[in-house]
2 protein chains.
Amino acid sequence: MSLKFAILGLVEQQGPLSGYDIKQTIERSIFYIWNVTGAQIYNALRDMREKGLLSAETVAQDGRPDKRMHQITDAGRAALVAEADAPIRDEALRDKVLLRVFFGNQADPEAMAREIEAYMARIHQEIDYLESVERRVLANPGPQHAARHFQLLSLRLKVAQLRGMEEEFRRAGYDLPATEPDQSNPTNIAKAG
Amino acid sequence: MSLKFAILGLVEQQGPLSGYDIKQTIERSIFYIWNVTGAQIYNALRDMREKGLLSAETVAQDGRPDKRMHQITDAGRAALVAEADAPIRDEALRDKVLLRVFFGNQADPEAMAREIEAYMARIHQEIDYLESVERRVLANPGPQHAARHFQLLSLRLKVAQLRGMEEEFRRAGYDLPATEPDQSNPTNIAKAG
DNA sequence: GTTGACTATGCAATAAGTTGACTATATATC
DNA sequence: GATATATAGTCAACTTATTGCATAGTCAAC
């Protein structure tokens with residue numbers, strides 16, 4: 001449900017969107033929480049149209065392919081609210097990275113250490129990047145108070161998780177490989193994969 | 001693959017295991033990383049037997065149902081090592097809790113605040129519980145140095161994540177509901193849900 | 001003039017994960 | 001005697017997620 005929840009939330013907040021728009025938006029705003037490919041989104045959209053959660057209208061463009069703009073329906077809005085109001089549970093607790101660490105002794109020791117340090121480097125860059133996003137958001141005050149509050153909160157929660165992990169890796173004796181700082185986000189965690 | 005990876009890792013480390021044994025072990029040692037039900041394990045085992053990653057032998061018991069003890073095969077060991085040696089990627093980045101926070105404005109504001117505070121309480125208990133596990137492990141020194149190192153590391157990484165989130169929620173103005181402390185783990189995050 | 005990036009969508013197949021129902025026996029508790 | 005818990009397993013159906021492939025036009029760079 002969660003990808004569909006995210007799509008419903010975006011379409012509700014940002015009016016009619018094409019699949020492509022949704023992909024862009026997720027890559028710009030939810031990338032640190034949820035990773036998707038284009039195919040996943042189009043698959044989900046088809047499904048949601050068939051279930052009546054979204055309605056779509058084909059719009060012709062000049063010089064560009066047609067696109068299908070999606071709107072949330074009453075049924076979609078009901079599904080969105082139902083999910084948003086459901087109790088928060090940590091169901092499907094699942095962390096591939098921690099699992100790899102847990103069974104780290106199955107790997108070659110030196111390779112494992114290198115992997116961890118490379119992962120630390122990605123964490124480090126990701127923290128920098130997320131904090132630059134936060135600064136950018138804070139610097140330009142807009143409307144949508146409640147939405148902004150929660151979006152920033154989730155971002156800061158992610159940063160807090162990453163910081164915690166980084167410190168813990170350090171405490172365990174692992175160290176960042178020396179690199180130049182980088183303000184862009186070419187190899188961030190969310191995208192590396 | 002990850003559930004199967006976990007199963008392969010356990011069977012490799014702890015010799016012949018029944019599905020039931022695996023369930024118990026996961027509930028005792030990997031519960032904070034990966035959540036499973038019995039059916040999931042038995043489904044995975046059938047699959048892995050069919051693929052030749054595990055071999056099984058039925059063992060009769062008196063006063064108890066027969067059980068099928070699983071051993072890792074050469075193919076299984078190869079699959080385990082292949083996974084363990086693969087680069088660590090944060091593929092399938094997916095956090096339902098953060099997603100719920102991100103779209104928190106879609107929920108009723110007071111209900112959302114209550115949900116977050118209830119979640120904080122679970123985090124808090126989970127930290128206490130994980131730290132008690134860590135103390136217990138540290139207090140009884142055993143063999144398996146490398147395995148222990150990585151198992152404790154993953155546990156501490158999880159604690160670090162949770163601590164980070166707890167602090168961040170506090171900073172955002174949310175507060176733990178007042179409760180009695182509890183040393184057992186009846187409603188911990190891993191099990192709640 | 002061809003290569004690559006961007007815009008834009010789709011389907012089929014597979015893999016992975018989840019749920020619910022079901023079968024048994026033994027022991028301990030009420 | 002009834003109920004609950006622990007042990008031990010299976011299957012079918014389902015949802016969710018992932019991958020690979022295909023299509024097709026515009027635009028800029030080389």
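Just so you know, these numbers come straight off a predicted model, no measurement behind them. Numbered from 1 within each chain, the chains take letters A, B, ... in sequence-line order.
- Atoms CG (A/Leu17) and C1' (C/dT9) sit 15 Å apart, rounded to a whole Å.
- Within the 4.0 Å cut-off from OP1 or OP2 of C/dG10, not a single side-chain nitrogen or oxygen of A/Arg46 is found.
- The listed nucleotides are D/dT10, D/dT16, C/dT7; the one nearest the side chain of A/Lys4 is D/dT16.
- In this structure, of C/dG17, D/dA17, D/dG9, it is C/dG17 that holds the atom nearest to the side chain of B/Trp34.
- Residue A/Lys67 contributes atom NZ, which lies 18 Å from atom P of D/dG25 at whole-angstrom precision.
- Between A/Tyr174 and B/His149, the two ring planes are tilted [angle within 30° to 60°].
- Candidate nucleotides C/dG17, D/dC11, C/dT7 were compared by shortest atom distance to the side chain of B/Ser2, and C/dG17 ranks first.
- A side chain to side chain contact (heavy atoms under 4.5 Å, CB included) with A/Val11 is found for one member of A/Leu45, A/Leu80, A/Ile22 and no other, namely A/Ile22.
- Here the side chain of A/Ser18 pairs no donor or acceptor atom with the backbone of A/Arg68 at under 3.5 angstrom.
- Looking only at distances, a side-chain donor or acceptor of B/Arg148 sits under 3.5 Å from a matching main-chain atom of B/Val137.
- In terms of heavy-atom proximity, B/Ala84 sits nearest to A/Ala107 at O-CB, 3.4 Å.
- B/Ile22 places its CD1 atom 13 Å from the C1' atom of D/dG9, with the value rounded to the nearest Å.
- Base pairing of C/dT25 is made with D/dA6, judged by Watson-Crick or G-U wobble geometry with both donor-acceptor distances under 3.5 Å.
- For B/Asn43 and D/dT10, a side-chain-to-base donor-acceptor distance below 3.5 Å is absent, hydrogens and geometry of angles not being considered.
- Nucleic acid contact class of A/Leu45 (heavy atoms, under 4.0 Å, all strands): none.
- Distance from the side chain of B/Arg94 is smallest for D/dA17 among the nucleotides C/dC6, D/dA17, D/dA8.
- The distance from atom CZ of B/Phe5 to atom P of C/dA16 is 14 Å, rounded to the nearest whole Å.
- Sequence order on DNA chain D of the closest nucleotides to B/Tyr20 and B/Arg49 puts B/Tyr20 first from the 5' end.
- Computed from coordinates, the B/Asn35 CG to C/dG17 P distance equals 12 Å when rounded to whole Å.
- D/dG9 atom P lies 13 Å from atom CD of B/Glu57, rounded to whole Å.
- Residue B/Thr37 is in base contact, counting any heavy-atom pair closer than 4.0 Å across all strands shown.
- Base pairing of D/dC30: its partner is C/dG1, meeting the Watson-Crick or G-U wobble criterion (both donor-acceptor distances under 3.5 Å).
- The side chain of B/Gln40 places no N or O atom within less than 4.0 Å of a non-bridging phosphate oxygen (OP1 or OP2) of C/dA16.
- Remark: P of C/dT18 and NZ of B/Lys23 are 15 Å apart, rounded to the nearest angstrom.
- One finds no side-chain N or O of A/Tyr42 lying less than 4.0 angstrom from the OP1 or OP2 phosphate oxygen of C/dG10.
- When the nucleotides C/dG10, D/dT10, C/dT7 are ranked by their closest atom to the side chain of A/Ala39, C/dG10 comes out on top.
- B/Arg68 comes within 4.0 angstrom of the backbone, heavy atoms only, and of no base.
- Atoms CG (B/Leu8) and C1' (C/dA16) sit 15 Å apart, rounded to a whole Å.
- Remark: side-chain polar atoms of B/Asp128 are not paired, donor with acceptor, to backbone N or O of B/Gln125 under 3.5 angstrom.
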